[in-house]
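None of these values were measured; they are calculated from a predicted model. The basis for the numbers below is simple: all heavy atoms, side chains too, and nothing from hydrogens, waters or symmetry mates. Letters go in sequence order (proteins before strands), and every chain restarts at 1.
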Number of protein chains: 2
Amino acid sequence: MPTERSNLREPAIGGLAPSQLRLLTKVARMYHEHGMRQPQIAEQLHISQPRVSRLLKQATELGIVRTTVVTPSGVHAELEERIERRFGLRDVVVADPGQPAPGEQSVLQAIGAAGAVYLETTLTGGDRIGISSWSSTLLATVDAMRPRPTPVAERVVQVIGGVGNSTSQVYATRLADRLAILTGAEAVFLPAPGLASSPAAREVLMSDPHISDVLATYGGLSMLLAGLGSLEPSPLLVESGNAIADGEQEALRELGAVGDICLRFFDEKGQAVRSPLDDRVLGIDVETLRSIPRVVAIAGGSRKYTAIRAALRGGWVDVLVTDLGVARRLAAEPDDR
Amino acid sequence: MPTERSNLREPAIGGLAPSQLRLLTKVARMYHEHGMRQPQIAEQLHISQPRVSRLLKQATELGIVRTTVVTPSGVHAELEERIERRFGLRDVVVADPGQPAPGEQSVLQAIGAAGAVYLETTLTGGDRIGISSWSSTLLATVDAMRPRPTPVAERVVQVIGGVGNSTSQVYATRLADRLAILTGAEAVFLPAPGLASSPAAREVLMSDPHISDVLATYGGLSMLLAGLGSLEPSPLLVESGNAIADGEQEALRELGAVGDICLRFFDEKGQAVRSPLDDRVLGIDVETLRSIPRVVAIAGGSRKYTAIRAALRGGWVDVLVTDLGVARRLAAEPDDR
DNA sequence: TTCACTATCGAATAGGTATTCAATGCTCCA
DNA sequence: TGGAGCATTGAATACCTATTCGATAGTGAA
């Protein structure tokens, strides 16, 4: 098959003579269909290995070799990519509750499972994880995780105090505890309410070494696992004794707040909303939060849509785990950047 | 690297959890479509480079990533021209499976890839495409298409209802859906069975506005993408629950039918064969079908030879994408016009 | 013919990927 | 409960591929 003479007039498809095309297809077949290595092909055709490489490249450019990725049904790769691009996220995971109009419970379960898988595959060791507590979404996530015998994280730190009465405070630390057990990490609790009764009370608490020591660890976090709060009443918040009084919620809404991450509120555009509440929150501050390399938000359900969108717009989040419904709406958002 | 597998069904969820599939697809797209290097992907997804390599390998094995070598047009130019002239076609594309005696799977892949290239090069925008569903050939075609950044078609319309059980009905719409996504077009589905249980049932269905609205769009199609059916049992038809009962097939054969396009049957000479079935088919009718400016048939394999020849003789088709074996036989046909 | 320019080629090697290997976890059976 | 056997993992690395770079040949103008 070696060389042909350079024919004068040939139809020339793609700017190339058919003889060239035949060589291209031949090499492409040997490589892609017969699995031959380039040196083998080179030897058989009496050409050099770099030449084979160049021919293959050319064949790909000309579309003679085409590689396609078929998205299996039930996987929403395009959707995820669109959201990643639109909001500049590192990773998006879309969980499919598998029902046309899923209830909150199904959504919770779906994103919980997806979040768990995400953590299981991406926590490989050494991470210092912050976890915002009291979110039923995070609870669902942690519940769906399988215990790892080998430590896959160094430390799990509670970045927000407990909320509400002492019962739910316990519950808040439980989340951090569970995650720590599951990942084999050391757990660091924040033995304090998430919301002090006054700025002064917060100062007092923060001067307690038990607490300040914990706060000092926030700077070294490599990852934050957070739920997103919406300013609609959430079942859990209500249950846990209305951490944020109705009046305060109202005030926040009037300031334009639509949601929060770790009790730091933001408006529709994702801009931080300052409020008197800020000085009573016992937890990670905005600056430290934003300096964490990987902030993973797990949140879904139409009730939280506005909050999720705002969090993405404001760049509060690097990785989002959400449900199909929210994902579709996010993907349909006009690009406002 | 053995490529030979009798993988005749859908994307092949090889007993894997959806979350696994999701990751496979994600990695595959990052690598093959976005051209990212493995270390990059590893970093972004917080997994190790060897893992990325293994995931890619697995994705290839599962058929999520498929690489095909397409015969560039022009290699078989003479053959193509001869068939065009003999049967008065607008265009013929001959795909070379590249093996002396290719199995159905190789033929499928070859003509699928060739069909994909044909579509990619001839769809330039504004087309309203009808697509006949449930054809494994069309599936192979759509699977081999690369996504286009700009929309190249206006609308993709399903011109035949689904066939068989509800599972394969979904599968039928998926084909239209995929094509719509790939071309950036709006998808219009026909939410109905392709074959009603009785003429009366068909009437009822057709009076449903969801369905009649779709039927009304058939008149404006600028192009039809169709498979060709032969009256030999096809693996897919059998699998999807014998849409056409054996007895009916037999009856059709006795009427002289050798094949169909969109469930409209024709005999050896390409003449339409009227049968009781006609009044049960929910899809495009013969007259509308024949008025479509460009009917592209993608079909190959010796099993379908008689049907293909008949379709050409009857002038059902303007463009044919087929395999080398069929092409050679077609070119050797005596001119009987 | 000569010269300048460009295209093409292969040796060397940089770059990227797949595999090996040892460690560890899981499953199943005694 | 213990442990044999199999599966999975990432670090190290062998392997394979793509690119660089200098050499050579073709091309066209003077």
Requested in this report: Name all residues meeting the side-chain contact (heavy atoms from CB on, under 4.5 Å) criterion together with B:Val93; count only those two or more places apart in sequence or in a different chain, and write none if there are none.
Outcome: B:Ala114, B:Tyr118, B:Val321
Query - Contacting residues from residues 48-56 of chain B, given that a heavy atom lies under 4.0 angstrom of DNA chain D - result: B:Ser48, B:Pro50, B:Arg51, B:Arg54
Query raised in the report: How would you list, by chain and number, every residue that makes a side-chain contact (heavy atoms from CB on, under 4.5 Å) with A:Asp96, sequence neighbours excluded?
Result: A:His76, A:Leu324
Query raised in the report: How would you list, by chain and number, every residue that makes a side-chain contact (heavy atoms from CB on, under 4.5 Å) with B:Glu43, sequence neighbours excluded?
Result: none
Requested in this report: May I have all residue pairs that pass salt bridge (Lys or Arg N to Asp or Glu O under 4.0 Å) and include part of residues 23-39 of chain B, sequence neighbours excluded?
Outcome: A:Glu78-B:Arg29, A:Glu80-B:Lys26, A:Glu81-B:Arg29, A:Glu84-B:Lys26, A:Asp91-B:Lys26, B:Arg29-B:Glu33
Query raised in the report: Which residues pass the side-chain hydrogen bond (donor to acceptor under 3.5 Å, both in side chains) test with A:Thr122, sequence neighbours left out?
Result: A:Arg294
Requested in this report: Provide the full list of side-chain hydrogen bond (donor to acceptor under 3.5 Å, both in side chains) pairs with a residue in residues 317-327 of chain A, sequence neighbours left out, each pair given once.
Outcome: none
Query raised in the report: Under the side-chain contact (heavy atoms from CB on, under 4.5 Å) test, which residues partner B:Val152, sequence neighbours left out?
Result: B:Leu123, B:Arg148, B:Thr183
Query - Spacing of B:Glu61 atom CD relative to C:dA18 atom P, expressed in whole Å - result: 12 Å
Query - d(CD, A:Gln58; C1', C:dA7) in whole Å - result: 13 Å
Report summary line: Students should find that the nucleotides of DNA chain D closing off the region near chain A, any atom under 4.0 angstrom from a heavy atom, are D:dG10 to D:dT20
Query raised in the report: Would A:Arg90 and B:His46 count as a side-chain hydrogen bond (donor to acceptor under 3.5 Å, both in side chains) if you check the C-alpha gap in whole Å, the side-chain angles of each, and the deciding distance to 0.1 Å?
Result: CA-CA 10 Å; A:Arg90 210 155 78 186; B:His46 279 266; 2.5 Å; yes
Report task. Respond yes when some side-chain nitrogen or oxygen of B:Lys57 is under 4.0 Å from OP1 or OP2 of C:dT19, and no when none is. Result -> yes
Query raised in the report: Between atom CD1 in A:Ile47 and atom C1' in C:dT8, what is the gap in whole Å?
Result: 13 Å
Requested in this report: Measure from OH on B:Tyr31 to C1' on C:dG15 and round the result to the nearest Å.
Outcome: 12 Å
